[in-house]
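If you're wondering where the values come from, they're calculated on a predicted model, not measured in any experiment. Residue numbers start at 1 and run along the sequence shown.
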Amino acid sequence: MFSDFLMKPVAHIRTAFPEKFGIPRQSGYVPELKGQVIFEPEYRNPDALRGLEEYSHIWLVWIFSQSIREEWSPTVRPPRLGGNQRKGVFATRSPFRPNPIGLSSVRLESVEWDGPEGPVIHVSGVDLMDGTPILDIKPYVVFSDSHPDASGSFAQAALRHRLKVIIPDHLLDKIPAEYQKAVQEVLALDPRPAYQNDPERIYGFSFAGMEIRFRVQEDVLNVEAICSMSSGAVAKSKADG
C-alpha cells in the first residue's frame with residue numbers, strides 16, 4: 001500500500017474556451033464543440049494509439065488545473081442547485097475534490113497521424129478549458145460503460161432546462177460559421193450560476209477569440225454584444241445603442 005503517487009500529464013487539450021465560464025458542465029452536452037488532444041513530446045508515439053480509431057468514443061482523464069486547493073471539504077454546493085444545498089463531494093462532479101481529477105466522454109472524430117505535433121486526436125463534445133492537462137486516454141466500451149436505465153439525480157434534471165436564444169443577425173454574422181451552432185447550444189444550456197437571476201445583469205464569456213455578452217430575462221437569452229478579443233472592437237445591438 002502506498003500513500004502518494006506522482007502522475008504526469010501525457011497531453012493537453014486545445015479548445016475554444018480560454019476561461020472556465022461558459023464551458024458546458026458535462027461532456028457531450030454540445031456535440032459541436034471541438035477539441036484536439038496534443039501529446040507531450042515524450043508520448044508522441046504512434047504505436048501508443050494503435051487500434052484507437054476502432055472506437056467511436058473515448059474517455060479523457062484530466063486535471064482540474066484551475067481548481068487545485070491544499071484543503072478539501074466533504075460537502076460542496078452544486079451550482080445547479082442554486083448554491084444553497086450541500087451534497088457530498090463524491091456525489092457530485094465538483095472540481096473541488098481531494099484529488100482534482102476530471103472525467104469526460106467525448107466522440108473520437110479522427111486521428112491526425114502526420115502533423116508537426118505528432119499524432120493528434122480530434123474529438124467533439126468537449127467540456128474542457130484550453131490547455132487542460134490530460135492524464136490518460138481510454139476507449140469507451142459500450143457493453144460496460146453504457147447504462148441507459150441509470151438514474152441521474154439533480155444533474156439529469158438540470159439538462160432538461162434550456163433557454164430560448166436570440167442572436168440578432170448583425171451579431172450572428174460576427175461569429176464564424178463553424179462556431180455558430182456551438183455558441184447557440186452553449187447559451188441554451190444557460191452558463192450562469194443557478195443562484196444568479198438578475199435580468200438586468202450582462203454576462204460574458206470568452207470563446208474562440210470572441211467575448212459573447214448576453215442578458216437573460218425569464219427563459220429568454222438575448223445576445224447583447226460580441227467583442228473581438230484581439231481588436232477590442234465591440235459589435236453592439238441596437239437596443240444597447
Side-chain angles (χ1 to χ4, degrees), residues 2 4-20 22-68 90 93-95 97-148 150 152 155 159 176-183 185-186 189 206-209:
F2 58 87
D4 295 308
F5 181 75
L6 178 63
M7 288 187 288
K8 296 174 59 178
V10 300
H12 64 274
I13 193 165
R14 186 176 293 155
T15 75
F17 288 102
E19 301 172 350
K20 291 185 295 182
I23 298 177
R25 292 174 174 85
Q26 301 295 336
S27 57
Y29 275 13
V30 182
E32 295 81 9
L33 288 176
K34 308 295 185 180
Q36 299 83 44
V37 177
I38 314 296
F39 286 93
E40 300 301 326
E42 62 191 290
Y43 298 106
R44 293 177 182 177
N45 188 330
D47 286 341
L49 303 182
R50 188 184 302 172
L52 187 66
E53 287 181 303
E54 299 171 16
Y55 296 90
S56 65
H57 293 72
I58 57 176
W59 291 105
L60 300 178
V61 183
W62 46 278
I63 303 174
F64 283 104
S65 55
Q66 300 297 306
S67 303
I68 297 176
F90 297 130
R93 298 287 187 95
S94 169
R97 322 183 67 78
N99 293 306
I101 296 174
L103 183 68
S104 297
S105 172
V106 296
R107 173 174 286 278
L108 173 58
E109 297 289 348
S110 65
V111 178
E112 180 184 349
W113 296 100
D114 301 320
E117 296 173 301
V120 173
I121 303 176
H122 293 260
V123 296
S124 61
V126 299
D127 60 340
L128 300 172
M129 191 175 72
D130 186 53
T132 296
I134 307 296
L135 292 174
D136 201 4
I137 298 161
K138 300 178 184 290
Y140 178 96
V141 181
V142 177
F143 72 84
S144 63
D145 293 349
S146 177
H147 303 279
L159 180 59
E178 65 268 27
Y179 290 130
Q180 289 182 3
K181 179 65 173 177
V183 167
E185 289 298 304
V186 167
L189 291 172
S206 301
F207 181 87

Looking only at non-hydrogen atoms, find the nearest pair between [X] and [Y] and report the distance.
X: Val30; Y: Glu185; value: CG1-CB, 3.6 Å
X: Trp62; Y: Leu60; value: CD1-O, 3.2 Å
X: Arg44; Y: Pro116; value: NH1-O, 4.5 Å
X: Thr132; Y: Ile63; value: CG2-O, 3.5 Å
X: Val37; Y: Ala11; value: CG1-CB, 3.7 Å
X: Asn45; Y: Pro119; value: C-CG, 4.4 Å

Which residues pass the side chain to side chain contact (heavy atoms under 4.5 Å, CB included) test with Pro31, sequence neighbours left out?
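Scan of Pro31 (side chain to side chain contact (heavy atoms under 4.5 Å, CB included), adjacent residues dropped) gives none.
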
(request) Please name all residues satisfying side chain to side chain contact (heavy atoms under 4.5 Å, CB included) with Ser94, sequence neighbours left out, ordered by chain then number. (result)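 By the side chain to side chain contact (heavy atoms under 4.5 Å, CB included) rule, Ser94 matches Val76, Thr92, Phe96, Arg97.
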
Value rounded to 0.5 Å, distance of [atom1] in [X] from [atom2] in [Y]:
X: Ser104; Y: Ile13; atom1: OG; atom2: CD1; answer: 8.0 Å
X: Ile121; Y: Ile58; atom1: CD1; atom2: CD1; answer: 4.5 Å
X: Leu33; Y: Ser27; atom1: CG; atom2: OG; answer: 11.0 Å

ring-ring contact (aromatic ring centres under 6.0 Å, His included) against [X], all qualifying residues, sequence neighbours excluded:
X: Phe17; answer: Phe207
X: His12; answer: none
X: Tyr140; answer: His57, Trp59

Please list, chain by chain and in numerical order, all residues satisfying side chain to side chain donor-acceptor pair (under 3.5 Å) with Glu42, sequence neighbours excluded.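 Checked Glu42 against side chain to side chain donor-acceptor pair (under 3.5 Å); matches are Lys8.
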
Which residues pass the side chain to side chain donor-acceptor pair (under 3.5 Å) test with Asp47, sequence neighbours left out?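 Scan of Asp47 (side chain to side chain donor-acceptor pair (under 3.5 Å), adjacent residues dropped) gives Arg50.
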
According to ring-ring contact (aromatic ring centres under 6.0 Å, His included), does anything in residues 37-56 pair up with another residue at least two apart or in another chain? List the pairs.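 ring-ring contact (aromatic ring centres under 6.0 Å, His included) check on residues 37-56 returns no pairs.
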
Picking from Ile23, Val126, Val123, what satisfies side-chain contact (heavy atoms from CB on, under 4.5 Å) with Thr15?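 The passing option is Val126.
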
Identify every side-chain donor-acceptor pair in residues 106-114 under 3.5 Å, counting partners at least two apart or on other chains, and give the distances.
from, atom 1, to, atom 2, distance (Å)
Glu109, OE2, Ser124, OG, 2.5
Glu112, OE1, His122, NE2, 2.9
Trp113, NE1, Glu53, OE1, 3.4

#### Entry: salt bridge (charged side-chain N to carboxylate O under 4.0 Å, His left out) contacts touching residues 116-127 (sequence neighbours left out)
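Every salt bridge (charged side-chain N to carboxylate O under 4.0 Å, His left out) pair that includes a residue of residues 116-127, provided the two are not neighbours, is Arg14-Glu117.
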
Notebook entry, point to check: salt bridge (Lys or Arg N to Asp or Glu O under 4.0 Å) with Lys20: which residues, sequence neighbours excluded?
Noted result: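 So Lys20 forms no salt bridge (Lys or Arg N to Asp or Glu O under 4.0 Å) with any residue.
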
| message | Suppose we screen for salt bridge (Lys or Arg N to Asp or Glu O under 4.0 Å). Which residues come up paired with Asp136, at least two apart in sequence or across chains? | response |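 Applying salt bridge (Lys or Arg N to Asp or Glu O under 4.0 Å) to Asp136 gives Lys138.
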
